[in-house]
Every structure is written in C-alpha cells, then in structure tokens.
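In what follows, a single structure is set out as structure tokens and then discussed.
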Amino acid sequence: AQSVTQPDIHITVSEGASLELRCNYSYGATPYLFWYVQSPGQGLQLLLKYFSGDTLVQGIKGFEAEFKRSQSSFNLRKPSVHWSDAAEYFCAVGAILGNEKLTFGTGTRLTIIP
Amino acid sequence: KAGVTQTPRYLIKTRGQQVTLSCSPISGHRSVSWYQQTPGQGLQFLFEYFSETQRNKGNFPGRFSGRQFSNSRSEMNVSTLELGDSALYLCASCRNRATQETQYFGPGTRLLVL
C-alpha cells in the first residue's frame, strides 16, 4: 500500500528566508506526486505535481519540488517566503492507474514570522 | 471556468441525524472523489464516483454513502451521525479516470455533530 510521510508537523521561518518542506513516499512503482496547500478554513489548492520527465518541477506562487527516486522523496522548496505563504502543506501520492484516490501525508503547518 | 463547488459550507447536526452534502465538479470533469479531514486522522479518502458508479471506496463504515448523477454532480450521505463524524468534507474532481490526471478540490463542507 502506498503511504506518504511528512516528518515535520510544524515549521517556522522568517519572512524572506528560504523554505524546504520534506515529503517521503512509499510506493511500488513510479509515483504520481502532488503538493497541495490549505489556508485556514479553506479547501486544497494544487501547488505542483510530478508525473514524469524532469525531476525538478515548478509550481505556482514560486514553489518548486524535486523528485528523488533514490531517496523516495519529493521535497517542496521556495527561495524566499512571504507572509501569505503561512498555511498547511500536504504532500500526496496518486495511483499509477489513476489519481482519483490520493493518499495524503499528515501535513506540515508553516508559520511565517516577520 | 468555475471551480468545484460544495454546498452547504457549514452544517450543524445532532447525533443520530443524517446529512447530505453536495458537490458540483468543474465543468467537463467526470470523476468526483470525497475526502474526510479531521485533526486526528488527517485527510482520508472516502469514495470516488465516475459515470454514476462508485469505483473506489475507502475504509469507512456503511453509514457513509454517495451517489453521482448524470451531470456528474455528486452527493454524499452520512446516516446515524456520530460525534466523530465532525469534520471537513472535501470533494475533488478530475476529468477522467486515467493516468496523469489532477484532482481539484472544493472549499469543503464543515460538519459539526453535537
């Protein structure tokens, strides 16, 4: 069965600092990987996705993520965070036969300090 | 193009009652999935519908059910509500049941069971 681990429950960074959120997955084949962001009381917004090809993927809001098969990781990065990036971030893996059923990590809450 | 819409946004019920939540997918999307989000269990897959048929089901009791209509709109029903059913219920849609599809989420329905 597929699974996703986000080892950091809560991260605090200063505005303007760089950010890396960790995500490790367990899946028997090449996974389809996603990062979603959720603001308080809101649904999930897709930041970026990896299906195949270039292992460095660019997303919205200046985020990027790198797929590393050897480490089973798909870490999310941003070079300079803004106060509006404060939210909860979820990594998810989809099934190779269809992404209608996503398995999510437990999420990482990001706090930005001035 | 309008996003995924969910109604109602907020709901308060008492134990033993039943509730029906509605989801309208993005126009042209035929697959609708439902997720439950709670602080304790995180995001968990409930079920997925495509062409008015349930195609995938998560590990939830039979009190949780759903259906999909010919216009792809979907409803989920929870009967005999329990306190533990208090959660944010998220609906997501994608175009087809195929690889390299992306799920887009609605804002959710927040259910409080008293």
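Quick caveat, the model's predicted, so the values are computed rather than measured. To find a chain, count down the sequence lines: A is the first, B the second, and so on, and within it residues start at 1.
- Note that the CD atom of B:Q37 and the CZ atom of A:F104 stand 8.5 Å from one another [nearest 0.5 Å].
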Using the side chain to side chain contact (heavy atoms under 4.5 Å, CB included) rule, take B:Q103 and A:F34 through it: C-alpha gap first, then chi angles, then the decisive distance, then the call.
CA-CA 10 Å; B:Q103 285 198 31; A:F34 305 83; over 6 Å; no
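- Here the side chains of B:L43 and A:F90 are in contact, with some heavy-atom distance below 4.5 Å.
- Within residues 65-93 of chain B, the residues that have a heavy atom under 4.5 Å from a heavy atom of chain A are B:L88, B:L90, listed by number.
- Neither the backbone nor the side chain of A:Q45 comes within contact range of chain B; no heavy atoms are under 4.5 Å apart.
- Cluster membership check: A:I60 shares its hydrophobic cluster with A:L76, using side-chain heavy-atom separations under 4.5 Å among Ile, Leu, Val, Met, Phe, Trp and Tyr.
- Surrounding CG of B:L114 are more than 12 heavy atoms belonging to other residues, nucleotides or ligands, all under 6.0 Å away.
- Between A:L44 and B:F105, the shortest heavy-atom distance links the atoms O-CB, 3.4 Å.
- Under the side chain to side chain donor-acceptor pair (under 3.5 Å) criterion, B:E52 pairs with no residue at all, not counting sequence neighbours.
- For chain A, the nearby part of B:R9 is the side chain; its heavy atoms alone come within less than 4.5 Å.
- Residues in residues 9-18 of chain A take part in these side chain to side chain donor-acceptor pair (under 3.5 Å) pairs, two or more places apart or across chains: A:H10-A:T111.
- Of the possible polar contacts, one joining the B:Y35 side chain to the A:L102 backbone as a donor-acceptor pair under 3.5 Å is found.
- Hydrophobic clustering places B:L111 together with B:L46 (ILVMFWY residues linked when any side-chain heavy atoms are closer than 4.5 Å, directly or through intermediates).
- In the hydrophobic clustering of ILVMFWY residues, with side-chain heavy atoms under 4.5 Å counting as a link, A:Y50 and A:V4 come out together.
- In this structure, B:T102 OG1 and A:F51 CZ are separated by 3.5 Å, a value rounded to the nearest 0.5 Å.
- For B:Q17, the side chain to side chain donor-acceptor pair (under 3.5 Å) test picks out B:T14, with sequence neighbours left out.
- One hydrophobic cluster, built from ILVMFWY side chains closer than 4.5 Å, holds both A:F63 and A:V37.
- Heavy atoms from other residues, nucleotides or ligands lying under 6.0 Å from CZ of B:R63 number more than 12.
- For A:R77, the CZ atom is densely surrounded, since the number of other residues' heavy atoms within 6.0 Å is greater than 12.
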